[in-house]
Protein chains: 2
Amino acid sequence: MKSDKTGLAANRRLAQARPQLELTPIAEASGVPLYRQVKRALIKLIESGRYAPADCLPSESAIASGLQVSIGTLRKAVDELVLENVLIRRQGKGTFVVMHNNSRFLFQFFHVEKRDQDLSQEHPYPAVECVSFERARATAEEASALGIGLGDPVFRVGNRLKLSGLPVVYDRLAISALTFKGLTEKQFVERSSTVYHLYQCDYGITVLRAHDRARAVSASHDVCRILGLRPGTPVLEVHRIAMTFGDKPVEYRVSTINTQHHDYVSLLSKRI
Amino acid sequence: MKSDKTGLAANRRLAQARPQLELTPIAEASGVPLYRQVKRALIKLIESGRYAPADCLPSESAIASGLQVSIGTLRKAVDELVLENVLIRRQGKGTFVVMHNNSRFLFQFFHVEKRDQDLSQEHPYPAVECVSFERARATAEEASALGIGLGDPVFRVGNRLKLSGLPVVYDRLAISALTFKGLTEKQFVERSSTVYHLYQCDYGITVLRAHDRARAVSASHDVCRILGLRPGTPVLEVHRIAMTFGDKPVEYRVSTINTQHHDYVSLLSKRI
DNA sequence: AAGTGGTCTAGACCACTAG
DNA sequence: TAGTGGTCTAGACCACTTC
């Protein structure tokens, strides 16, 4: 542990009045900064479901005293979790666990935009239609992306996304059937919002980050049919691995985008 | 101003012993948090060239006392500038203004990667060949992207990038000739590293962020010639606006990427 | 008025770098 | 050994939200 700074160790020894919640004092950990340990403790509470999406955490002073750290240290841990899109602060109200609602999804994970669009304009929510659903065995590509074994059971789901009524994106996603036990086509067909919301609400899995790899290809027969394109049209194919805590892969998705009137956008180094 | 917290205002009134450097006490600014004002002051010192790329800033305690703020407030300002890729901290050594060396460029702005490459592997630096250079008048597209007038003078530069000896990317960039007065073809042909390094060292302009818009198109005649492709091959076209402080556009670049063996990669929400 | 997060200060000690 | 950034604490007050 960090040891004897400003009487920290002494404080710890005295603390026998068990604090509220699961906020027990941080265990010793050599070399690791205290605020990192606090961060891990908070992540555990969220991963375990003790604090669910959209829940309000206890106040900063309550958490700090519960974990027996100073409020500055607690704030530094929360700062990082806010930057990592795990928590959201709302002044005067509290600190909340992130929730994958539609606007959040749009902002963080949906990067298809109409070309020549003035920036002031709102982008519309994409309308999603589920076009296929199957239970199958993982291909080598899927197994590698999801970190599972070749032939392990997966769900494969095909979705068509329309923007302003026109089909623009064809998504095919694969998720482990072991992680998402008992998933049904109905859940995909009937959901009113992003699948990340479904993962989070029905399975407690929060998608935090993703890796995209984009390339240009000729539209396949299937893609042409689903997006209404002429054979051989150049389309953008994005391979995405979506990840949760600890960079554990959750979903592998291949999106085919008709880029005749839309772009795949990306910000290099976001503004603060 | 923030007013009478812990005797802050009183401290200010006393301070007449002019501190070293241009680190004069922060002027009053209603409502704006002090650390934001500190941040602006630091940005100004960097923009003005008082601290050049790769320079070491004065120590945190020196800056804090110079600006008459607490060290915690100064650190918060520096924290943000580090996140925005303006400053770099090196424990034990000091805080430095960023320098666009090759490895930094690669990490932050060059997002083309070989497919099926094991992650542990280093990517090689792209070898750049300047294939064209001209002084011209801005098209509507260039003018809009660069925030200049239609017909204003620009430099247009074409570069071919090779990876492992094979041509993969064809870049065409446009920059304002008013901003980059006196630029010569020689500078582009002879430089040994990224153009962002050139902008920074020769013109004091630091590229901090960029917006990319990617789409799939059929390779044009020119592109086929330069990248050695068959006519009609689908290629990825990335339109980039590179920006400096205050999101001022500096460069507009169209990159055409042969994605037969490479991908354009993008991270959604970076890890901390 | 009470409770929350946001800002600011002051000062201590730790970890790393370099002469 | 001296100087730098990194961590941690303690406590004050501000701004916002809700009742």
Side-chain angles (χ1 to χ4, degrees), chain A residues 1-12 14-15 20 25-26 28-39 42 55-65 67-83 87-97 272, chain B residues 1-12 14-15 25-26 28-39 42 55-83 87-97 272:
Chain A
M1 91 169 267
K2 280 316 238 186
S3 85
D4 272 334
K5 298 212 168 163
T6 319
L8 174 59
N11 285 346
R12 296 283 177 80
L14 290 175
Q20 64 282 43
I26 300 284
E28 332 280 300
S30 60
V32 181
L34 188 52
Y35 75 89
R36 293 275 183 184
Q37 301 174 47
V38 170
K39 193 176 156 189
L42 293 174
D55 276 2
C56 183
L57 296 188
S59 74
E60 297 189 337
S61 58
I63 298 178
S65 71
L67 296 177
Q68 316 233 332
V69 299
S70 82
I71 200 156
T73 300
L74 180 272
R75 277 187 66 82
K76 181 147 183 170
V78 172
D79 282 343
E80 290 206 355
L81 290 170
V82 168
L83 277 173
L87 296 178
I88 296 178
R89 286 205 178 96
R90 291 194 230 274
Q91 187 175 16
K93 297 169 107 176
T95 301
F96 298 80
V97 180
I272 295 190
Chain B
M1 96 167 262
K2 280 316 235 185
S3 86
D4 270 333
K5 298 213 168 160
T6 319
L8 174 58
N11 285 345
R12 296 282 177 80
L14 291 174
I26 300 283
E28 331 279 299
S30 59
V32 182
L34 188 51
Y35 75 90
R36 293 276 183 183
Q37 302 175 47
V38 170
K39 194 177 156 189
L42 292 174
D55 276 3
C56 183
L57 296 189
S59 74
E60 297 189 338
S61 58
I63 298 178
S65 71
L67 295 178
Q68 317 232 330
V69 300
S70 81
I71 200 156
T73 299
L74 181 273
R75 277 186 65 81
K76 182 147 183 170
V78 172
D79 281 345
E80 291 205 355
L81 290 170
V82 167
L83 278 174
L87 296 177
I88 297 179
R89 285 205 180 96
R90 291 193 229 274
Q91 187 174 14
K93 297 169 106 177
T95 301
F96 298 80
V97 181
I272 295 191

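Throughout, a chain's letter reflects where its sequence line sits, starting with A, and its residues are numbered from 1. As a basis for the values below, the full set of heavy atoms in this structure was taken, side chains included, without hydrogen atoms, waters or symmetry mates.
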Where the side chain of [X] is concerned, which of [options] is the nearest nucleotide?
X: Pro33(B); options: dT9(C), dT9(D), dC8(C); answer: dC8(C)
X: Glu60(B); options: dG5(D), dT7(D), dT7(C); answer: dG5(D)
X: Thr73(A); options: dC8(C), dG5(C), dT9(D); answer: dT9(D)

At what distance, to the nearest 0.5 angstrom, does [atom1] of [X] lie from [atom2] of [Y]?
X: Ser59(B); Y: Ile71(B); atom1: OG; atom2: CD1; result: 7.0 Å
X: Leu57(A); Y: Ile88(A); atom1: CG; atom2: CD1; result: 11.0 Å
X: Glu80(B); Y: Leu42(B); atom1: CD; atom2: CG; result: 11.5 Å

Quick check on [N]: is either OP1 or OP2 less than 4.0 Å from any side-chain nitrogen or oxygen of [X]?
X: Lys76(A); N: dC8(D); value: no
X: Ser70(B); N: dA10(C); value: no
X: Thr95(B); N: dG5(D); value: yes
X: Arg89(B); N: dG6(D); value: yes

Point to revise | Stem list, DNA chain C (Watson-Crick or G-U pairing under 3.5 Å, at least 3 consecutive pairs) | key: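 Counting only runs of 3 or more consecutive pairs, the stems involving DNA chain C are C:1-18 with D:1-18.
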
How many Å lie between [atom1] on [X] and [atom2] on [N], as a whole number?
X: Ile71(A); N: dG11(D); atom1: CD1; atom2: P; value: 12 Å
X: Tyr35(A); N: dC14(C); atom1: OH; atom2: C1'; value: 13 Å
X: Ile63(B); N: dT9(C); atom1: CD1; atom2: C1'; value: 18 Å
X: Lys39(B); N: dC8(C); atom1: NZ; atom2: C1'; value: 17 Å
X: Leu34(A); N: dC14(C); atom1: CG; atom2: P; value: 15 Å
X: Gln37(B); N: dT9(C); atom1: CD; atom2: P; value: 11 Å
X: Leu74(B); N: dT7(D); atom1: CG; atom2: P; value: 16 Å
X: Asp79(A); N: dC8(C); atom1: CG; atom2: P; value: 14 Å

Exercise for review: Identify the heavy atoms of Phe96(B) and Cys56(B) that sit nearest to each other, and give their distance.
Suggested key: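 Minimum heavy-atom contact is CE2-CB, 3.5 Å.
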
Point to revise | Heavy-atom closest pair, residues Ile63(A) and Pro58(A) | key: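 Distance-wise, the nearest heavy atoms are CD1-O, 3.4 Å.
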
**Study point:** Nearest-nucleotide comparison on DNA chain D, the residue closer to the 5′ end among Gly72(A) and Gly94(B)
**Key:**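 The residue whose closest nucleotide sits nearer the 5' end is Gly94(B).
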
**Study point:** By side chain to side chain contact (heavy atoms under 4.5 Å, CB included) - contacts of Arg89(A) (at least two apart)
**Key:**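 Result, side chain to side chain contact (heavy atoms under 4.5 Å, CB included) vs Arg89(A): Glu60(A), Arg75(A), Val78(A), Asp79(A), Val82(A), Thr95(A).
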
Under 3.5 Å, N/O pairs linking protein and nucleotides 17-19 of chain C:
none

Practice item. Classify the nucleic acid contact of Arg75(A) as base, sugar-phosphate or nothing, counting any heavy atom under 4.0 Å across all strands shown. Key: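 Base contact - Arg75(A) has a heavy atom under 4.0 Å of at least one base atom.
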
Practice item. Select base, sugar-phosphate, or nothing to describe what Ser61(B) touches, counting heavy atoms under 4.0 Å on all strands. Key: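 No contact at all - Ser61(B) keeps every heavy atom at 4.0 Å or more from the nucleic acid.
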
Check your understanding: Would you say Thr73(A) and Leu67(A) make side-chain contact, with heavy atoms under 4.5 Å?
Key ->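 No. Closest side-chain heavy atoms not under 4.5 Å.
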
